[in-house]
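Right, one structure below, let's go through it.
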Amino acid sequence: MIFDTHAHYYDGAFDADREALLSALPERGVALVVCPGCDLESSRACLDLAEGYGYIYAAVGFHPENLEGVSLGDLDRLRPLAAHPKVKAIGEVGLDYYWVKTPEDRAFSRDCFDAQLSLAEELDLPVIVHDRDAHRDCLDIVKAHPNARGVFHCCALSAEDAKVVLDRGWMLSFTGNITFPNAKRAPEVVRCAPMDRILLETDAPYMAPVPHRGERCDSTLIPITAAAVARLKGLTVEEVLSITLENGKRLFGID
């Protein structure tokens with residue numbers, strides 16, 4: 001049974017067949033999905049999907065690419081959404097220095113990340129972290145929140161930085177990118193990470209694994225990523241799917 005811990009099913013890439021796709025996922029082996037928002041509108045859309053499908057859960061937050069026109073006070077608007085029983089995390093939040101270029105915008109994104117970690121600590125919810133080309137600042141902010149817990153999604157950390165995260169009790173999540181021919185860091189991190197700290201995700205509609213790279217991704221492709229993890233860890237695909245299912249349920253508090 002598959003737990004896709006990160007899929008953006010509100011995305012326009014699914015507009016043509018969303019209901020048919022989502023209705024069919026359980027019979028195709030998908031047990032659970034977490035759908036993370038990137039701003040208020042998408043966070044509400046995640047919650048709508050979670051209310052409509054029993055196996056889907058939501059996360060709410062402001063992504064670092066979605067902060068234009070946002071103030072720190074706007075983060076309080078996440079509170080009523082986070083109070084819903086099907087909201088299981090604050091996310092997708094973090095830092096992105098690939099797209100966020102100016103010193104001023106980067107500084108504000110750090111403030112927003114810090115504030116959303118504080119909110120997660122207050123609400124006792126895990127955090128789904130987006131970290132692109134900002135590893136040092138991401139780690140520094142996480143270290144400043146000793147009571148925070150969560151996952152670095154689509155993990156791009158080095159093995160050394162991954163150890164810092166793991167030592168703090170956090171988890172690491174991997175997408176189809178570990179199947180790419182040029183993948184180096186992620187497979188190295190998979191090899192050294194304990195299996196009880198590894199999650200699987202699609203980041204749908206993005207990050208489809210080889211041989212589907214460049215196509216629209218969905219949760220049914222998780223077994224391909226699981227097979228890559230299985231090869232790296234000396235396990236069967238079934239063992240990887242079972243362990244990562246239980247890991248995800250533990251992190252997100254799903255019975």
Side-chain angles (χ1 to χ4, degrees), residues 1-10 18 21-38 42-61 78-94 116-117 119-130 147-155 165-166 168-175 193-204 217-223 225-226 229 237-255:
M1 297 296 288
I2 293 163
F3 190 166
D4 184 352
T5 59
H6 196 111
H8 300 280
Y9 280 123
Y10 58 83
R18 182 179 292 107
L21 172 66
L22 295 182
S23 296
L25 286 183
E27 66 191 43
R28 299 179 71 183
V30 178
L32 295 166
V33 174
V34 170
C35 184
C38 292
S42 58
S43 293
R44 292 186 182 112
C46 292
L47 187 48
D48 287 344
L49 290 173
E51 289 179 331
Y53 297 88
Y55 68 93
I56 295 180
Y57 291 84
V60 298
L78 297 173
R79 290 177 183 277
L81 299 179
H84 194 286
K86 292 210 74 177
V87 171
K88 295 299 183 179
I90 300 297
E92 175 180 353
V93 305
Q116 289 180 98
L117 282 171
L119 179 63
E121 286 177 305
E122 177 190 335
L123 300 178
D124 194 25
L125 288 172
V127 184
I128 300 170
V129 172
H130 172 103
N147 295 318
R149 68 189 193 281
V151 57
F152 273 63
H153 109 90
C154 193
C155 180
V165 172
L166 293 168
R168 302 186 72 83
W170 285 57
M171 292 192 176
L172 307 173
S173 185
F174 299 91
T175 69
M195 267 309 301
D196 65 355
R197 300 294 187 81
I198 291 176
L199 302 179
L200 299 180
E201 60 167 288
T202 56
D203 202 15
C217 192
D218 67 57
S219 303
T220 62
L221 297 181
I222 284 276
T225 303
V229 173
V237 173
E238 291 74 18
E239 287 172 326
V240 170
L241 291 175
S242 176
I243 293 168
T244 55
L245 171 68
E246 295 305 316
N247 293 346
K249 289 166 67 176
R250 186 172 71 253
L251 176 65
F252 294 111
I254 299 171
D255 296 329

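Reckoned from all heavy atoms, side chains included, excluding hydrogens, waters and symmetry mates.
The number of heavy atoms from other shown groups lying within 6.0 Å of CZ (Arg28) does not exceed 12.
Proximity of a side-chain donor or acceptor of Lys86 to a complementary backbone N or O of Ala50 within less than 3.5 Å is detected. Checked by atom type and distance alone, the side chain of His8 pairs as donor or acceptor with a backbone atom of Pro36 at under 3.5 Å. With Arg18 contributing its side chain and Tyr10 its backbone, the two residues share a donor-acceptor pair below 3.5 Å. With Asn147 contributing its side chain and Glu121 its backbone, the two residues share no donor-acceptor pair below 3.5 Å. Not one N or O on the side chain of Thr175 forms a donor-acceptor pair closer than 3.5 Å with the backbone of Glu201. No side-chain donor-acceptor contact under 3.5 Å links Thr5 to the backbone of Val34.
Under the rule for a side chain to side chain donor-acceptor pair (under 3.5 Å), Arg168 has no partner lying at least two apart in sequence or in another chain. For Arg44, the side chain to side chain donor-acceptor pair (under 3.5 Å) criterion is met by no residue, not counting sequence neighbours. With sequence neighbours left out, Asp124 forms a side chain to side chain donor-acceptor pair (under 3.5 Å) with Arg149.
Between Tyr55 and Leu22, the shortest heavy-atom contact is OH-O, 2.6 Å. Thr202 approaches Ser219 most closely through the heavy-atom pair CG2-CA, 3.8 Å. Ala204 and Asp218 make their closest contact through CB-CA, 4.1 Å (heavy atoms, listed as atom of the first residue, atom of the second, distance). Listed here is the closest heavy atom pair of Cys38 and Glu92: SG-OE1, 4.0 Å. Of all the heavy atoms in Cys46 and Gly37, the pair that sits closest is SG-N, 3.5 Å.
The CD1 atom of Ile56 sits 11.0 Å away from atom CG of Asp48, with the distance rounded to the nearest 0.5 Å. Leu241 CG to Ile222 CD1: the interatomic distance, rounded to the nearest 0.5 Å, is 8.0 Å. To the nearest 0.5 Å, the span separating CZ on Phe152 from CG on Leu166 amounts to 10.0 Å. The line from CG of Leu119 to CD1 of Ile90 is 4.5 Å long, rounded to the nearest 0.5 Å. Between the CG atom in Leu245 and the CZ atom in Arg250 there is a gap of 11.0 Å [rounded to 0.5 Å]. One finds the CD1 atom of Ile128 at 4.5 Å from the CZ atom of Phe252 (value rounded to the nearest 0.5 Å).
Inter-residue side-chain proximity for Leu199 and Phe3 is flagged as unmet; no heavy-atom pair is nearer than 4.5 Å. The closest side-chain heavy-atom distance from Leu47 to Val60 is not below 4.5 Å. Between Leu25 and Thr220, the closest side-chain pair of non-hydrogen atoms falls below 4.5 Å. Contact of the Val127 side chain with the Gln116 side chain is not registered, since no non-hydrogen atoms from C-beta on lie closer than 4.5 Å. Between Asn247 and Leu251 there is no side-chain heavy-atom pair separated by less than 4.5 Å. Counting only heavy atoms from C-beta outward, the side chains of Tyr53 and Ser23 approach each other to under 4.5 Å.
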Leu200 vs Ile2, side chain to side chain contact (heavy atoms under 4.5 Å, CB included): CA-CA, chis, key distance, verdict: CA-CA 9 Å; Leu200 299 180; Ile2 293 163; over 6 Å; no

From CA spacing to verdict: side chain to side chain contact (heavy atoms under 4.5 Å, CB included), Thr244, Met195: CA-CA 8 Å; Thr244 55; Met195 267 309 301; 4.2 Å; yes

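Ring geometry, His153 versus His130: the interplanar angle falls from 30° to 60°, so the pair is classed tilted.
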